[in-house]
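One structure below.
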Amino acid sequence: MALEAIQTVAQAEAKAKADREAAAVQAKQKLAEAQREANQTAEQARQQAREEARLMMSQAEEKAAQATREELERAKADCETLKQNAQGRLEEAAQLIVGRVVEQ
């Protein structure tokens, strides 16, 4: 009977050891899988951040280009107005100069 008890205990210990080893292997596998998933999630987040940064840069560049176009149009209109004013005064200036020359 004592021999049976020792064999039962030995078998139980062997089974417990095998169960612990299997649990350790399973835990390592789960940890490795979790790390792979975490790495994949981090890479996806980095890729999404890069894409969002590209989009934001593109939008900023388009806004800057639009602002530049608008400013150039305003400057062109201002130049045209100044030119029109100058041409309008050209005749007046010519008469003033002729008048002074004739007076002398």
Side-chain angles (χ1 to χ4, degrees):
M1 173 97 58
L3 188 55
E4 269 183 40
I6 292 172
Q7 286 178 346
T8 302
V9 169
Q11 288 174 352
E13 286 176 349
K15 184 178 182 320
K17 182 179 178 184
D19 289 347
R20 279 194 306 273
E21 289 172 355
V25 168
Q26 188 177 16
K28 285 180 184 178
Q29 289 173 343
K30 285 184 179 183
L31 178 60
E33 179 63 26
Q35 287 174 335
R36 276 193 300 276
E37 287 177 10
N39 290 339
Q40 184 179 20
T41 300
E43 182 55 35
Q44 288 173 346
R46 281 190 290 272
Q47 181 63 29
Q48 183 178 356
R50 284 190 291 268
E51 189 59 36
E52 288 175 6
R54 266 193 292 274
L55 179 60
M56 288 170 48
M57 285 298 293
S58 175
Q59 290 172 343
E61 288 172 355
E62 180 55 36
K63 284 181 182 180
Q66 181 62 31
T68 300
R69 286 190 293 271
E70 290 171 1
E71 190 58 36
L72 286 172
E73 285 298 317
R74 275 193 291 275
K76 184 178 177 182
D78 289 347
C79 286
E80 190 59 36
T81 300
L82 290 172
K83 183 178 174 183
Q84 294 289 334
N85 289 340
Q87 286 178 345
R89 292 183 186 164
L90 186 60
E91 182 64 32
E92 184 181 324
Q95 289 177 1
L96 182 65
I97 291 170
V98 169
R100 286 189 180 174
V101 168
V102 170
E103 287 177 6
Q104 292 180 353

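Classification of E92 and R89 as a salt-bridged pair fails, no side-chain N sitting under 4.0 Å from a carboxylate O. A salt bridge is defined here as a Lys NZ or Arg NE, NH1 or NH2 lying under 4.0 Å from an Asp or Glu carboxylate O, and R74 with E71 meets this definition.
Here the CD1-CD distance, from I6 to E13, works out to 11.0 Å after rounding to the nearest 0.5 Å. Here the straight-line distance linking atom CD of Q95 with atom CG of L90 works out to 10.5 Å at 0.5 Å rounding. Q26 CD to K30 NZ: the interatomic distance, rounded to the nearest 0.5 Å, is 4.5 Å. Rounding to the nearest 0.5 Å places CD of E80 at 10.5 Å from CG of N85. Here the CD-CD distance, from E37 to Q44, works out to 10.5 Å after rounding to the nearest 0.5 Å.
In this structure, a donor-acceptor pair under 3.5 Å is absent between the side chains of E43 and Q47. At a cut-off of 3.5 Å, with distance as the only test, a side-chain donor of E70 or Q66 sits close to an acceptor on the other residue.
If you run side-chain hydrogen bond (donor to acceptor under 3.5 Å, both in side chains) between Q48 and each of E52, R50, R46, only E52 comes through.
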If you apply the rule salt bridge (charged side-chain N to carboxylate O under 4.0 Å, His left out), what do you find for E51 with R54, and how did you get there?
CA-CA 5 Å; E51 189 59 36; R54 266 193 292 274; 3.0 Å; yes
If you apply the rule salt bridge (charged side-chain N to carboxylate O under 4.0 Å, His left out), what do you find for R36 with E33, and how did you get there?
CA-CA 5 Å; R36 276 193 300 276; E33 179 63 26; 2.6 Å; yes
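The shortest side-chain heavy-atom distance between E21 and V25 does not fall under the 4.5 Å cut-off.
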